[in-house]
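Below, each value reflects all heavy atoms present in this structure, side chains not excepted, and no hydrogens, waters or symmetry copies. One is the number of the first residue; the rest follow in order along the sequence.
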Amino acid sequence: MSLPLAITCGDPAGIGPEVIATALRNESERGRDCVLIGAASWAEPLAAELGIGFEAIGAAGFSAVAGQPSLDGAQVALAALQTAAQGCVDGRFRGVVSGPVSKHWLQQVGFKHPGQTEFFAEAWGGAPTMGFVGNELRVVLATWHIPLRDVADALTADCLELAVRRADALAKSFGVEMPRIGVCGVNPHAGEGGILGIEERDVLDPALDRLRAEMPGLSKCLPGDTVFFRQRRGEFDVVVSAYHDQGLAAVKTLEFDAAVNVTLGLPHVRTSPDHGTAFDLAGQGLADCGSFAAALSVARQLTGSKS
């Protein structure tokens, strides 16, 4: 029997606990190979109801108030991440589906990372790449949690090659034998031959030209304002985005309730819903569980359990 997937609660005052519960209740088979990690007041009764495993963390007697984040809640969110990550290292879990956290609140309890992607990279080792999988879009980011003013310097030939190779592997994990990969330029109109920026002409397109002999479906740098339309039309199996908002604007506009954040390039699989804590919606029964359900499904596929 395969190892279970760890499900972390995210910030207990956000929508994470409720979207997890709703998704698992909607389809009882979803939780059959999972272990819930969170405060006992949430994890224990839900696990008992669903007949699945749980690990309680945090202070005894802690119970979150929906929509009211706190330092105690942030401690629970951080402890859940640490427990899940270490559980993979120890061979207790085969991967992690992580609930949404508040980086603002986590920073106040000692979290030193820009996001969960970097946390799992440090915990497990490896060079991470941030990717997103939706019903229509698959997107891999070449750079992500850095200021926009630093993107052009960070987007080296090596950086782009790593993202392209991760995009190729992601497409192949979904059964695409010869992936067609669209690559966004960093400048308007992909630099317009050097008129609007030289990065494509001098650095990025030469790197793509070298890789194309190995990956014939790889594009040159394309204008970022049209490449996602072309992906939806069926021209590309996956798109490489130059920077965070270039890719995420498309993903969150088209697939806010369906897209999944996938951390690529690490020893263990980690996925999460592609939305935040939404403290303003928590506890009102308004949160959509679709992205979490998709995150669990993708984690199963990437770890070899597709049912």
Side-chain angles (χ1 to χ4, degrees), residues 114 117-118 121 126-134 136-255 259 261-266:
T117 298
E118 294 82 2
T129 298
M130 187 178 288
F132 295 86
V133 174
E136 296 185 81
L137 302 182
R138 297 190 190 108
V139 179
V140 170
L141 306 187
T143 69
W144 51 96
H145 292 149
I146 61 174
L148 186 58
R149 68 171 64 245
D150 297 335
V151 168
D153 290 336
L155 193 57
T156 63
D158 288 343
C159 173
L160 182 61
E161 178 177 349
L162 179 62
V164 167
R165 292 192 181 280
R166 296 279 166 78
D168 182 70
L170 178 63
K172 287 178 177 175
S173 72
F174 282 87
V176 181
E177 294 184 5
M178 296 289 288
R180 299 163 300 161
I181 303 171
V183 180
C184 295
V186 67
N187 293 301
H189 303 287
E192 199 76 77
I195 298 173
L196 300 178
I198 61 172
E199 286 79 13
E200 291 84 0
R201 184 193 68 192
D202 293 353
V203 178
L204 304 178
D205 275 332
L208 296 174
D209 291 342
R210 290 192 297 272
L211 289 168
R212 197 167 295 109
E214 184 181 341
M215 305 176 191
L218 180 62
S219 78
K220 64 179 182 178
C221 283
L222 302 170
D225 60 356
T226 56
V227 69
F228 298 103
F229 169 78
R230 294 175 63 180
Q231 185 181 21
R232 292 184 78 200
R233 197 167 59 182
E235 292 186 44
F236 304 117
D237 301 299
V238 59
V239 165
V240 173
S241 173
Y243 56 92
H244 185 276
D245 283 13
Q246 184 183 58
L248 269 292
V251 170
K252 292 194 174 184
T253 297
L254 296 172
E255 309 217 57
N261 184 341
V262 182
T263 303
L264 306 168
L266 300 184

By salt bridge (Lys or Arg N to Asp or Glu O under 4.0 Å), which residues pair with Lys172, not counting sequence neighbours?
Asp168
Nearest heavy atoms of Thr117 and Pro128, plus distance in Å
CG2-CB, 3.8 Å
Of the non-hydrogen atoms in Val139 and Ser241, which two are nearest, and what is the gap between them?
CG1-CB, 4.1 Å
The complete set of side-chain hydrogen bond (donor to acceptor under 3.5 Å, both in side chains) pairs with one or both residues in residues 213-227, sequence neighbours excluded, reads Arg165-Glu214
Ala190 to Pro223 - nearest heavy-atom pair and separation:
CB-N, 3.9 Å
Would you please name every residue forming a side chain to side chain donor-acceptor pair (under 3.5 Å) with Glu177, sequence neighbours left out?
none
side-chain contact (heavy atoms from CB on, under 4.5 Å) involving Ala154 - partner list, sequence neighbours excluded:
Thr143, Ile146
What's the spacing between Met130 CE and Leu264 CG if we round to 0.5 Å?
10.0 Å
Taking all non-hydrogen atoms of both residues, which atom of Leu222 and which atom of Val227 are closest, and how far apart?
CD1-CG2, 4.0 Å
Pairs meeting criterion ring pair (Phe, Tyr, Trp, His ring centres under 6.0 Å) with involvement of residues 199-243, two or more places apart:
none
Residues two or more places apart in sequence or in another chain: which of them pass side chain to side chain donor-acceptor pair (under 3.5 Å) with Arg233?
Glu235
List in chain and number order the residues that pass side-chain contact (heavy atoms from CB on, under 4.5 Å) with Ile195, two or more places apart in sequence or in another chain; answer none if no residue qualifies.
Glu192
Can you tell me how far apart CG (Asp237) and CD (Gln231) are? Round to the nearest 0.5 Å.
8.0 Å
Table please: side-chain donor-acceptor pairs of residues 201-211 below 3.5 Å, with sequence neighbours left out.
unit_1, atom_1, unit_2, atom_2, d
Asp205, OD1, Cys221, N, 2.8
Asp209, OD1, Arg212, NH1, 2.8

At their closest point, which heavy atom of Cys184 faces which heavy atom of Val239, and how far apart are they?
SG-CG1, 3.8 Å
For Leu160 and Val240, run side chain to side chain contact (heavy atoms under 4.5 Å, CB included): C-alpha distance rounded to whole Å, both residues' side-chain angles, the deciding distance at 0.1 Å, then the answer.
CA-CA 9 Å; Leu160 182 61; Val240 173; 4.1 Å; yes
Residue pairs involving residues 138-169 (criterion ring pair (Phe, Tyr, Trp, His ring centres under 6.0 Å); sequence neighbours excluded):
His145-His244
Rounded to the nearest 0.5 angstrom, the CG-SG distance for Asp153 and Cys159 is 11.5 Å
For Val238 and Ala167 the tightest heavy-atom approach is CG1-O, 3.7 Å
Using the side chain to side chain donor-acceptor pair (under 3.5 Å) criterion, which residues pair with Arg166? Sequence neighbours excluded.
Thr129
Looking only at atom types and distance, does a side-chain atom of Glu200 sit under 3.5 Å from a main-chain N or O of Gly194, one as donor and one as acceptor?
no
Applying side-chain contact (heavy atoms from CB on, under 4.5 Å) to Ala152 and not counting sequence neighbours gives Glu199
Pro216: which residues meet the side-chain contact (heavy atoms from CB on, under 4.5 Å) condition with it, sequence neighbours left out?
Met178
Are side-chain heavy atoms of Arg232 and Leu254 found at a separation under 4.5 Å?
yes
